[in-house]
Amino acid sequence: QVDLMESGGGLVQAGGSLRLSCAASGNIGTVWAMGWYRQAPGKQRELAALINRDGTTDYINSVKGRFTISRDNAKNTVYLQMNSLKPEDTAVYYCNAAHSSSARPLLLTTYWGQGTQVTVSS
């Protein structure tokens, strides 16, 4: 079992910045892709940013140039630096990780954090 603990959400004015963190703990084998999803009220959850174990990244168009995802493999932690925040970035942000155990390295299991609220006021 792997737990994902998020931190760093909060209330910020438009144009401000926040940094989210998500640390994986528990019976850690190998953490592969890690990502940040977000869900605004009344909308479907969407992938905001993704980072592979080798550092390859991907972003949805609406956050490109403003958000930066990074990770520390030694700490099994992923970060999301969010700059130039807009009211439309308001959402619950969820951390996601694909994990395989040492005992079954070919079996990928996806884990989710509990979510952290980001609110951007205009």
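FYI, the numbering just counts along the sequence from 1. In what follows, every heavy atom counts, from backbone to side chain, and hydrogens, waters and symmetry copies are set aside.
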(request) Applying side-chain contact (heavy atoms from CB on, under 4.5 Å) between Ile51 and each of Ile69, Thr56, Asp58, report the one that passes. (result) Ile69

(message) Contact between Val2 and Ile28 at the side-chain level, heavy atoms closer than 4.5 Å - yes or no?
(response) yes

(message) What's the separation between atom CD in Glu46 and atom CH2 in Trp36, rounded to the nearest 0.5 Å?
(response) 15.0 Å

(request) Would you name the heavy atoms of Leu85 and Leu18 that are closest together and state the gap between them? (result) CD1-N, 3.8 Å

(request) Can you tell me which residue pairs pass the disulfide bond (SG atoms under 2.5 Å apart) test with a partner in residues 14-122, sequence neighbours excluded? (result) Cys22-Cys95

(message) Treating Glu6 as the side-chain partner and Gln114 as the backbone partner, does any N or O pair qualify as donor plus acceptor under 3.5 Å?
(response) yes

(request) Could you name each residue pair satisfying disulfide bond (SG atoms under 2.5 Å apart) that touches residues 32-66, not counting sequence neighbours? (result) none

(request) Check Lys75 against Thr77 and note the closest heavy-atom contact, atom names and distance. (result) O-OG1, 2.9 Å

(request) Begin with the C-alpha distance, continue with both residues' side-chain angles, and end with the deciding distance and a verdict on ring pair (Phe, Tyr, Trp, His ring centres under 6.0 Å) for Trp112 and Tyr37. (result) CA-CA 10 Å; Trp112 290 92; Tyr37 289 70; 4.9 Å; yes

(message) Determine whether a donor-acceptor pair (N or O, by modelled atom type, separation under 3.5 Å) exists between the side chain of Asn73 and the backbone of Arg53.
(response) yes

(request) Spell out, as yes or no, whether a donor-acceptor pair under 3.5 Å connects the side chain of Arg45 to the backbone of Gln39. (result) no

(message) Against the six-membered ring of Tyr79, is Arg19 placed for a cation-pi contact (under 6.0 Å from the centre, within 45° of the normal)?
(response) yes

(request) Begin with the C-alpha distance, continue with both residues' side-chain angles, and end with the deciding distance and a verdict on side-chain contact (heavy atoms from CB on, under 4.5 Å) for Thr110 and Asn96. (result) CA-CA 7 Å; Thr110 298; Asn96 172 276; 2.9 Å; yes

(message) Given Val118, which partner from the list Val92, Leu20, Thr90 fulfils the side-chain contact (heavy atoms from CB on, under 4.5 Å) test?
(response) Leu20

(message) For the backbone of Ile60 and the side chain of Ser62, can you confirm whether one donor and one acceptor N or O come within less than 3.5 Å of each other?
(response) no

(message) What's the separation between atom OG in Ser25 and atom CG in Leu4, rounded to the nearest 0.5 Å?
(response) 7.5 Å

(request) Spell out, as yes or no, whether a donor-acceptor pair under 3.5 Å connects the side chain of Asn52 to the backbone of Gly55. (result) no

(request) Identify the heavy atoms of Ser100 and Trp32 that sit nearest to each other, and give their distance. (result) OG-NE1, 2.8 Å

(request) Evaluate the ring planes of His99 and Tyr111, with Trp represented by its six-membered ring, and classify them as parallel (under 30°), tilted (30 to 60°) or perpendicular (over 60°). (result) perpendicular

(request) Return the minimal non-hydrogen interatomic distance between Ala91 and Ala40, and the atom names on each side. (result) CB-N, 3.8 Å

(request) Please check if Val63 and Val12 belong to a single hydrophobic cluster, counting links between Ile, Leu, Val, Met, Phe, Trp and Tyr side chain heavy atoms closer than 4.5 Å. (result) yes

(request) Output the distance between atom NZ (Lys64) and atom OH (Tyr59), rounded to the nearest 0.5 Å. (result) 10.0 Å

(request) Nearest 0.5 Å please: distance from the OG1 atom of Thr116 over to the CE atom of Met5. (result) 11.0 Å

(request) Answer whether the closest heavy-atom distance between the side chains of Asn76 and Met34 falls below 4.5 Å. (result) no

(request) Establish, for the pair Arg38 and Tyr94, whether the NZ or CZ atom is under 6.0 angstrom from the six-membered ring centre and no further than 45 degrees off its axis. (result) no

(request) Answer with yes or no whether the side chains of Asn83 and Ser17 bring together a donor and an acceptor at under 3.5 Å. (result) yes

